[in-house]
Amino acid sequence: MKSYDPKKIEKKWQKRWEKEKLFATPSETTREDKYYILPQLPYPSGSGLHVGHAEVYAACDIYARYKRMTGKKVLQVIGWDAFGLPAENYAIKTNVHPRKSTDQAIDMFRRQIQLLGVSVDWSREVGSHNPDYYKWTQWFFLLFYKRGLAYRKKQAVNWCDSCKTVLANEQVTGDGKCERCDTVVEQKEMEQWYLKITDYADRLLEDLDKLDWPEETKKRQKDWIGRSEGAEVQFTVIARSETTKQSRGIAASSASQSPRDDNSITVFTTRPDTLFGSSFMVLAPEHLLVQNLKNKIENWKEVEQYIEQTKLKTDLDRQTQKEKTGVELKGIKAINPANQKEISIFIADYVLATYGFGAIMAVPAHDERDFEFAQKNDLPITQVVSPVIPSEAEGSLRPMCFTGEGVAINSDFINGLTTEKAIEKMNEWLEEENIGKRKIQYRLRDWSISRQRFWGAPIPVLYDEKGELHPIPEEDLPVILPDDVDFKPTGESPLNYSKSFNKGVEKKYGQGWRREPDTLDTFMCSSWYYFRYLDPHNDKAFASPDALKTWMPVDFYLGGPEHVNSHLLYSRFFTKVLFDAGYINFDEPFLVHRHQGMILGEDNHKMSKRWGNAVNPTDVINEFGADTLRAYEMFMGPLEADKPWDTNGVKGVRRFLERVWHLQEKISVAHVMPEKMTRIMHQTIKKATHNIESMRFNTAIAKMMELINEISKENKITPEYYGLLILILSPFAPHMCEEIWQTLGHKKSLALEAWPEYSEELAKDSEITLAVQINGKLRDTLEVSADITETEAKDMAVASEKVKKWLEGKEPKKVIYVKGKLVSIVV
RNA sequence: GGUCCGGUGGUGAAACUGGUAUACACGAGGGACUUAAAAUCCCUUGCCGCAAGGCGUGUGAGUUCGAUUCUCACCCGGACCACCA
């Protein structure tokens with residue numbers, strides 16, 4: 001017999017699968033039959049495929065092959081998230097055009113993925129940098145624009161001075177650095193394009209309940225969206241020159257005025273019950289009112305200086321230096337609407353311009369941040385909530401900060417009410433008096449989508465000679481990304497300086513007209529790719545209604561946990577907008593979603609060039625074969641767990657495959673498999689089926705290893721049994737299994753075979769081992785027939801010699817029988 | 001600081017809805033084959049103990065006939081978020 005030569009076998013079968021178009025997407029598909037498996041869209045980086053990529057493709061492919069064998073019509077495609085900063089940064093460094101380096105990287109990725117032997121429909125491959133793809137990314141932008149969901153706004157944005165571009169909140173790391181280049185991110189006032197994802201905050205939150213996603217992932221998205229229930233409250237502002245009497249007059253009339261009015265400050269609070277305890281107010285330094293009241297602020301110089309200081313502070317500074325600084329706005333005061341007291345107004349950078357109204361009512365007795373600020377600035381602290389359980393608070397004369405719930409005190413008409421009821425009553429009062437109202441506030445911000453970069457999809461917008469904005473007519477799409485561009489970052493969009501990009505624009509649209517020079521965030525490209533896979537060559541629509549109806553939503557999506565608050569959220573947003581616009585009849589894209597864990601280096605550190613611990617999947621394939629790589633990565637541990645690479649483990653899996661291969665020498669047609677082997681075979685099929693179905697590939701393989709260990713003892717195997725083993729192993733090691741399948745005399749590919757069925761009856765053990773416990777300790781085991789009755793089992797247990805010894809003549813108080821498991825004796 | 005996830009042999013890890021803890025693999029030790037090595041095959045392998053037996057799933061308690069699994073407190077590690085009013 002030939003020895004196992006994966007190089008030869010794998011090449012042979014990969015060619016044959018391709019030639020026979022075995023994994024082309026089935027054209028005749030019903031909603032019941034279809035199964036859409038989606039491995040996350042990779043960014044084709046110049047450093048080639050990572051074993052982490054291989055894990056994703058292997059897992060999806062194993063699932064795809066299994067589903068096909070169970071009769072499903074499977075759609076599995078791979079594409080490229082091809083736009084993005086690294087290619088452009090590389091271009092700046094080496095002067096190689098991003099299109100060239102990206103296409104090279106894609107070729108390398110494709111070759112490397114194909115070596116894995118994945119059953120992907122390559123005729124549907126897409127790249128987001130191709131005009132026939134980004135035409136539709138631009139079309140999506142126009143759809144958002146038409147629906148009032150895309151807008152321009154000048155505001156402080158995250159700016160990376162190294163990449164010379166704006167970043168979305170999601171692209172700034174936890175310690176305030178650029179996700180791509182690690183430069184500290186600054187704040188910069190710029191006019192940018194935004195998508196109104198906040199309009200969908202409530203639906204994005206509520207619909208999480210519909211999804212089969214990891215609970216932790218749903219929770220993280222929930223927290224990111226950050227829904228808070230509370231109230232908005234208006235405070236009247238008065239200047240020192242005005243008398244108190246006059247101010248009351250303003251207070252009465254200003255209640256009906258809009259929040260933007262110079263004479264009032266609107267705040268959001270989750271604790272309206274503490275309104276009586278609000279002894280000062282704090283505005284974000286960027287608050288509009290500060291500039292509007294410039295003339296009335298007596299210490300303007302000081303205030304202005306503080307505002308300037310804040311501007312210089314980076315996000316990192318604001319995160320690490322958390323002492324509460326701030327400046328009072330002298331000459332103006334606010335009126336607490338509950339008790340009509342005059343209170344001071346401050347600006348301080350601990351109040352964020354981007355959340356709520358950019359202003360707060362400070363209640364130092366019941367908010368730690370306000371408390372700290374009040375202590376620093378010697379401000380009054382009025383307790384208005386009393387803890388139900390009086391803590392050690394009494395002894396100390398020092399003021400305390402209590403943020404929990406309790407009973408309202410010093411609060412007039414809500415005195416004595418518990419926090420929940422006090423909030424309710426205060427809300428009613430605010431609404432009656434027209435001072436405020438209930439409000440739900442979200443933490444989610446609108447999505448900043450414009451980038452002053454070259455390597456992205458141009459934003460399909462024109463400006464006329466007056467600077468008025470005009471969306472590009474749909475029939476003029478795509479707006480082609482030009483090639484004649486200088487990559488050196490200037491902070492201005494490189495497209496401004498492209499001759500071909502701007503050529504003909506005036507002729508076509510009018511004198512003085514020009515194109516929007518910014519490009520779209522690459523997350524726009526990856527927010528809809530799973531629609532394009534359905535119908536990648538369609539030039540009339542992003543996908544045909546038919547294809548959408550047949551294949552969507554995605555049945556299984558595998559991707560990294562790092563995308564929870566970006567890609568996954570954006571994709572859900574896109575889908576909901578499409579639903580609202582009537583293009584689709586579902587509003588969630590990914591029904592089942594799982595994360596793959598990270599594959600670490602042999603030294604338990606994250607793989608990186610710097611540590612020299614990176615493993616190249618192609619090297620592993622060359623040395624051990626793709627089947628070994630696939631099976632090993634699945635055998636390492638649970639799919640979602642982080643796990644270190646272990647070359648000896650790879651060898652172990654290769655050894656397992658060799659043992660399966662060498663069973664060919666032990667085929668015996670005349671042999672009769674003993675009952676025990678039949679049982680183990682059916683148990684293995686059962687376990688493999690359930691484990692693959694639930695993505696527990698590691699234990700599925702372990703069970704097959706057990707089977708092999710048993711067969712080795714038997715030393716002979718019938719072709720039927722061998723065939724069954726080959727079928728259930730084939731999703732993991734498809735090449736080797738095809739080869740053996742052919743040797744067994746089959747002409748057709750085993751990918752076309754049905755998944756073996758197991759018999760519950762044959763899988764059942766006839767003999768079982770009962771444990772016998774005395775007071776919870778194992779004292780004996782009994783080999784008994786599986787259909788033993790309760791009485792028989794109990795009698796046998798009590799009669800056992802070992803048990804008798806332990807009972808020392810005592811009578812059991814209680815005997816418990818657990819069917820098929822144990823007898824527990826209590827003395 | 002908040003939230004979440006985890007802690008089982010020398011290592012990666014199993015254990016179904018509370019029921020014989022450590023399946024499977026790696027590593028290690030021993031043996032067979034070989035002039036030798038590699039490869040392969042067989043045996044042993046949680047700890048203490050000659051044995052009977054005892055102890056063992058981060059620590060301490062609790063519930064239970066019985067806890068890796070449930071409850072509470074604590075310790076350690078990791079991930080995410082981080083002044084969100």
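Reminder, nothing fancy here: chain letters follow the sequence lines and each chain counts from 1.
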Legend entry - Contact under 4.0 Å: A:N698 side-chain N or O vs B:A14 OP1/OP2: yes
Inset, instruction - Using a 4.0 Å heavy-atom cut-off across all strands, classify A:Y442 as base, sugar-phosphate, or nothing. - result: nothing
Inset, instruction - Measure from the ring center of A:Y194 to the ring center of A:W447 and say whether it is less than 6.0 Å. - result: no
Legend entry - Pairwise P distance for B:G7 and B:A13, with rounding to whole Å: 10 Å
Inset, instruction - Examine B:G12: is either OP1 or OP2 under 4.0 Å from a nitrogen or oxygen in the side chain of A:N604? Give yes or no. - result: no
Inset, instruction - Take atom C1' in B:G10 and the same atom in B:U45, then report the distance between them in whole Å. - result: 11 Å
Legend entry - Six-ring centre of A:F373, A:K324 cation under 6.0 angstrom, axis tolerance 45°: no
Inset, instruction - Nearest whole angstrom, please: distance from the P of B:G6 to the CD of A:E640. - result: 10 Å
Inset, instruction - Provide the distance between the two P atoms, one in B:U57 and one in B:U69, to the nearest whole Å. - result: 9 Å
Inset, instruction - Assess the side chains of A:N336 and A:S278: does a donor N or O sit below 3.5 Å from an acceptor N or O? - result: no
Inset, instruction - Could you please name the partner base of B:U17, counting Watson-Crick and G-U wobble pairs only when both distances are under 3.5 Å? - result: none
Inset, instruction - Provide, to the nearest angstrom, the distance between the CG atom belonging to A:D780 and the P atom belonging to B:G19. - result: 21 Å
Inset, instruction - Measure from CH2 on A:W806 to P on B:G66 and round the result to the nearest Å. - result: 17 Å
Legend entry - Modelled atom types, side-chain donor and acceptor of A:S228 and A:Q441, under 3.5 Å: no
Legend entry - Nucleotide forming a Watson-Crick or wobble pair with B:C81, both distances under 3.5 Å: B:G1
Legend entry - Closest nucleotide among B:G19, B:G53, B:G27 to the A:L822 side chain: B:G19
Inset, instruction - Could you tell me the separation between the CD atom of A:Q441 and the C1' atom of B:A85, rounded to a whole number of Å? - result: 10 Å
Legend entry - Nearest listed nucleotide, side chain of A:P644, among B:G12, B:G54, B:C4: B:G12
Inset, instruction - For A:K821 and for A:I768, find the nucleotide of RNA chain B with the closest heavy atom, then tell me which residue's nucleotide is more 5'. - result: A:K821
Inset, instruction - Go through B:C26, B:A25, B:A85 for me and flag the one nearest to the A:D646 side chain. - result: B:C26
Inset, instruction - Assess the pair A:F268 and A:F357: is the distance between their ring centroids shorter than 6.0 Å? - result: no
Legend entry - Listed nucleotide nearest any side-chain atom of A:L352, set B:C24, B:C16, B:A85: B:A85
Legend entry - Counterpart base for B:C50, defined by Watson-Crick or G-U wobble contacts under 3.5 Å: none
Inset, instruction - Measure from the side chain of A:V818, starting at C-beta and using heavy atoms only, and say which of B:C83, B:A85, B:G19 lies closest. - result: B:G19
Inset, instruction - For A:E658 and B:C41, give me the distance from atom CD to atom P, rounded to whole Å. - result: 9 Å
Legend entry - Opposite nucleotide pairing with B:U40, Watson-Crick or G-U, both atom distances under 3.5 Å: B:A32
Legend entry - Value in whole Å for how far the P atom of B:C24 lies from CD1 of A:I680: 12 Å
Inset, instruction - Flag the pair A:W645 / A:Y632 as yes when their ring centroid distance falls below 6.0 Å, and as no otherwise. - result: yes
Inset, instruction - Name the nucleic acid region contacted by A:N709, choosing base, sugar-phosphate or nothing; use a 4.0 angstrom heavy-atom cut-off, strictly under. - result: sugar-phosphate
Inset, instruction - Output, in order, the C-alpha distance, side-chain angles, deciding distance and verdict of side chain to side chain donor-acceptor pair (under 3.5 Å) for A:K703 and A:N691. - result: CA-CA 10 Å; A:K703 191 71 191 171; A:N691 285 352; over 6 Å; no
Legend entry - Distance between P atoms of B:G6 and B:C16 (Å, rounded): 14 Å
Legend entry - A:T699 side chain, from C-beta outward: closest of B:A85, B:A14, B:C26: B:A14
Legend entry - Atom-pair distance (CH2 on A:W224; C1' on B:G2), nearest Å: 15 Å
Inset, instruction - Using a heavy-atom cut-off of under 4.0 Å over every strand shown, decide if A:K439 touches base, sugar-phosphate, or nothing. - result: nothing
Inset, instruction - Measure from the ring center of A:F635 to the ring center of A:F732 and say whether it is less than 6.0 Å. - result: no
Inset, instruction - Measure from the side chain of A:P638, starting at C-beta and using heavy atoms only, and say which of B:C26, B:U3, B:A13 lies closest. - result: B:A13
Legend entry - Whole-Å C1' distance, B:G58 and B:G49: 26 Å
Legend entry - Check: B:C26 base within 3.5 Å donor-acceptor of A:K651 side chain: no
Legend entry - Side-chain ion pair, A:K686 and A:E760, N-O less than 4.0 Å: yes
Legend entry - Distance below 4.0 Å between A:S228 side-chain N/O and B:A85 OP1 or OP2: yes
Inset, instruction - From the options B:U20, B:A52, B:A85, select the nucleotide whose nearest atom is closest to the side chain of A:Y355. - result: B:A85
Inset, instruction - Answer with base, sugar-phosphate or nothing: what part of the nucleic acid does A:G356 contact at a heavy-atom distance below 4.0 Å? - result: nothing
Inset, instruction - Round to a whole Å and report the spacing from CG of A:D349 to P of B:C83. - result: 11 Å
Legend entry - Residue-phosphate contact under 4.0 Å: A:K643 side-chain N/O, B:G12 OP1/OP2: no
Legend entry - Distance between P atoms of B:U68 and B:G19 (Å, rounded): 10 Å
Legend entry - Side-chain N,O (A:R655) to OP1/OP2 (B:U40) below 4.0 Å: yes
Inset, instruction - Taking only the side-chain nitrogens and oxygens of A:R443, find out if one of them lies under 4.0 Å from OP1 or OP2 of B:G2. - result: no
Inset, instruction - Please tell me which of the listed nucleotides, B:C83, B:U20, B:A14, lies nearest to the side chain of A:Q773? - result: B:U20
Inset, instruction - With C1' as the reference atom in both, quote the distance from B:C83 to B:G18 in angstrom, rounded to an integer. - result: 45 Å
Inset, instruction - Report which part of the nucleic acid A:S824 touches: base, sugar-phosphate, or nothing (heavy-atom distance under 4.0 Å, all strands). - result: base
Inset, instruction - Report yes or no: do A:T354 and A:R445 form a side-chain donor-acceptor pair below 3.5 Å? - result: yes
Inset, instruction - Please determine if a side-chain N or O atom of A:K777 lies less than 4.0 Å away from the OP1 or OP2 oxygen of B:A21. - result: no
Inset, instruction - Check whether any side-chain nitrogen or oxygen of A:R659 sits under 4.0 Å from OP1 or OP2 of B:C41, and answer yes or no. - result: yes
Inset, instruction - Tell me which nucleotide among B:G54, B:C80, B:A52 gets nearest to the side chain of A:R779. - result: B:G54
Legend entry - Between B:U63 and B:U71 - P atom distance, rounded Å: 16 Å
Inset, instruction - Would you mind telling me which residue lines up with the more 5' stretch of RNA chain B, A:M361 or A:R696, judged by nearest nucleotide? - result: A:R696
Inset, instruction - Indicate syn or anti for B:G77, taking the glycosidic torsion and treating anything within 90° of 0 as syn. - result: anti
